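Take a look at the structure set out below.
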2 protein chains.
Amino acid sequence: MASESATGAASRGAGDPPDVTLRQAQDRFIATWGKMGSAWGISRTMAEVHALLFITGQPMCTDDIMERLQISRGNASMSLRSLLDWGVVSRTHRRGDRKEYFGAEQDVWTMFRAIVRERMKREADPTLASLYEIRDMTAHLDAAGGAARAQGKKSRRSKSDAHESAPTLEATTEEHNRRLDEMLSFFQTVHSLSERFVSPTGRGLQLAATILGKAAS
Amino acid sequence: MASESATGAASRGAGDPPDVTLRQAQDRFIATWGKMGSAWGISRTMAEVHALLFITGQPMCTDDIMERLQISRGNASMSLRSLLDWGVVSRTHRRGDRKEYFGAEQDVWTMFRAIVRERMKREADPTLASLYEIRDMTAHLDAAGGAARAQGKKSRRSKSDAHESAPTLEATTEEHNRRLDEMLSFFQTVHSLSERFVSPTGRGLQLAATILGKAAS
DNA sequence: CGCTGATTTCAATCTTTTCTGAAACAATGC
DNA sequence: GCATTGTTTCAGAAAAGATTGAAATCAGCG
C-alpha cells in the first residue's frame, strides 16, 4: 500500500493521462547516467537512483524509487545511504508524513564539486600518501639529498656515475626515484587543482573552466 | 622455460645480489597503481602491467610480465593489447630477438593526456551524444528556444496556448529541459577543456594547471 | 512501555567481470 | 614446405561485485 502513496511526480504517470515522452526521456537519462557511472567505478544502481532524483527534481521516498527503478528495498536503502555520504543527495521531510524523502542537489556545478571532493578524498589522497611512502623507501639513495622529495624535481640523471662498483643498480634506483618524483609532482598538481575547484571559493575555477572551455570550442 | 630469459631488469633480482628494497618499492607501486586503476573502472591487472612497465622503465616481454605479476599468458596478452590501444604502452624489438618487448610511455603528462583522450572518446563523448538525443526528445516543448542547444531545433509551438488542462505538466517538462541544458552545458565545458588538455598544443593547459596548482598549495 | 510502520543490515544468491590455459594463428628461418 | 618460436583468441572457471529479502533495528506516538 505504501508503494502507491500520493507523492506527485513519482506515481503520476500511472493513472493520469501520461506524458509518455517525458517519462521516456527520464528513463533514457537514467540509463545513460547509470552506464556512465559504472564505467567510472560507481555502482550502476546508485548512479540510476541519483539520476532519477536529479532529473525529476522531486524528492522521493524509498518506495517511489523502488517502484520506478524496479529494485529491492535493501538496494534502494544502500544506494541512498551512499548518495547521502557523497553529499549529492539530501534528506527532506514532509509535514504529517513519517516517511523520509530524498532529493538530489540540483546545481550541476555544486554536484560535481561534491563528486570530485569525495573521489579525491577516497582515492587520490590515499594514492598520494602511498606514493610518498614508496618514495621514502628509496630516499636514502638520492644523489642530491632529500631536496628532490615532495617537489617533483626533475633531475636529469647525471651521466657521470663512474662508480665502478655497481653503476647499473644505482643508476636504476636513481631513475626509479626520478619517475616517482614526476608522478608525485603530477598528483600534487592535480590535488591542488581539485582543492581549488572544490573549495567554497571554487567559483573562480569554475569561471575559468567555462571561459577556457568556451574559447576552445 | 622461456620465462627465465635473460631480460635484464625483470629477472635480475632472482639470482644476483638483489636490491630487495627497490624490488619492494616497485611492488608497492604496482599494487598502489592497480588499486587506483580498479577504483576508476580499469581492470586491476591492466593497471598493474602498466605500473610495472612504467616503474621499471625497462621494455619487457610477455614472459617477463607473466612471471613478475604471476598472471597467465592470455591475461598478459590481453592487458598489453589494451594498453597499446590506450596508447600508453608501445612495442619495441631487440636485435636478434624475435620476441616483442613492451615499454610504457615515460612522460607522466603525456601519459595522462593519452588516458584522458581515450576515456573521453569512450565514455564522455557517447554520454554527451546521448544527452543531446534525450534533450531533443522534449525540444518541442521549449518555451523560448533553448539557447544552450547545439542543433537549434525550431520550436513551432506557441508558448501561450493556455491549455488549462495540464499546466503542471508543462512546467515539469520545462524544468526537465532546464536541467538537461545545464547538464549539457557542463559536459560541453568539460569536453572543451579536455580537448585543450589533450591536443598537441595542450602544453598551455599543462602549464596553466601547474601554475594554478602551485599557487593554491 | 509496547505498537506501528519506516529503515537498515546482512547472509545467501545472482550477475558481471576477469582470468586461465590450451588451441588456433602468425612469423621466421631452414 | 615445415619446424620452431612467439602471439592471440576464446570457452569455461574463478573471483569480484551487486542485489535481494527477510529479520533486526529504530523512531514516533498513544
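Given the structure is predicted, the values throughout are model-derived calculations rather than measurements. We name chains A, B, ... by the order of the sequence lines, and we start the count at 1 in each one.
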Rounded to whole angstrom units, what separation is found between the NZ atom of A/K35 and the P atom of D/dA18? 18 Å
On DNA chain C, compare the nucleotides closest to B/S79 and A/R91; which residue's is nearer the 5' end? A/R91
Answer yes or no: is there a donor N or O on one side and an acceptor on the other, between the side chain of A/S199 and the main chain of A/R196, under 3.5 Å? yes
Can you tell me the distance, in whole Å, between the CZ atom of B/R94 and the C1' atom of D/dT5? 17 Å
Rounding to an integer number of Å, can you tell me how far B/D63 CG sits from D/dT5 P? 13 Å
Going by number, which of residues 42-51 of chain B have a non-hydrogen atom under 4.0 Å from DNA chain C? B/S43, B/R44, B/T45
Cation-pi check for B/W86 against B/R117: NZ or CZ below 6.0 Å from the six-membered ring centre and within 45 degrees of the axis, yes or no? no
Whole angstroms only, please: what is the CG-P distance between A/L80 and C/dA6? 15 Å
Using the six-membered ring of B/Y101, assess whether NZ or CZ of B/R94 lies under 6.0 Å from its centre and within 45 degrees of the ring axis. yes
Whole-Å gap separating P (D/dA27) and NE2 (A/H93): 11 Å
Answer yes or no: does a side-chain N or O of A/S72 lie under 4.0 Å from OP1 or OP2 of D/dG21? no
I need the CZ-C1' distance between B/R73 and C/dG21, as an integer number of Å. 10 Å
Ranking A/R98 and A/N75 by the position along DNA chain D of their nearest nucleotide, the one closer to 5' is A/N75
Restricting to pairs with a member in residues 46-58 of chain A, which pass salt bridge (charged side-chain N to carboxylate O under 4.0 Å, His left out), not counting sequence neighbours? A/R44-A/E48
Using the six-membered ring of B/W40, assess whether NZ or CZ of A/R119 lies under 6.0 Å from its centre and within 45 degrees of the ring axis. yes
Between D/dT19 (C1') and A/I71 (CD1): distance, integer Å: 9 Å
Salt bridge between B/K121 and B/E118, side-chain N to carboxylate O under 4.0 Å? yes
Just by distance, do the side chain of B/S79 and the backbone of B/A76 share a donor-acceptor pair under 3.5 Å? no
Within this structure, what is the CE-to-P distance between A/M60 and C/dT7, rounded to whole angstrom? 14 Å
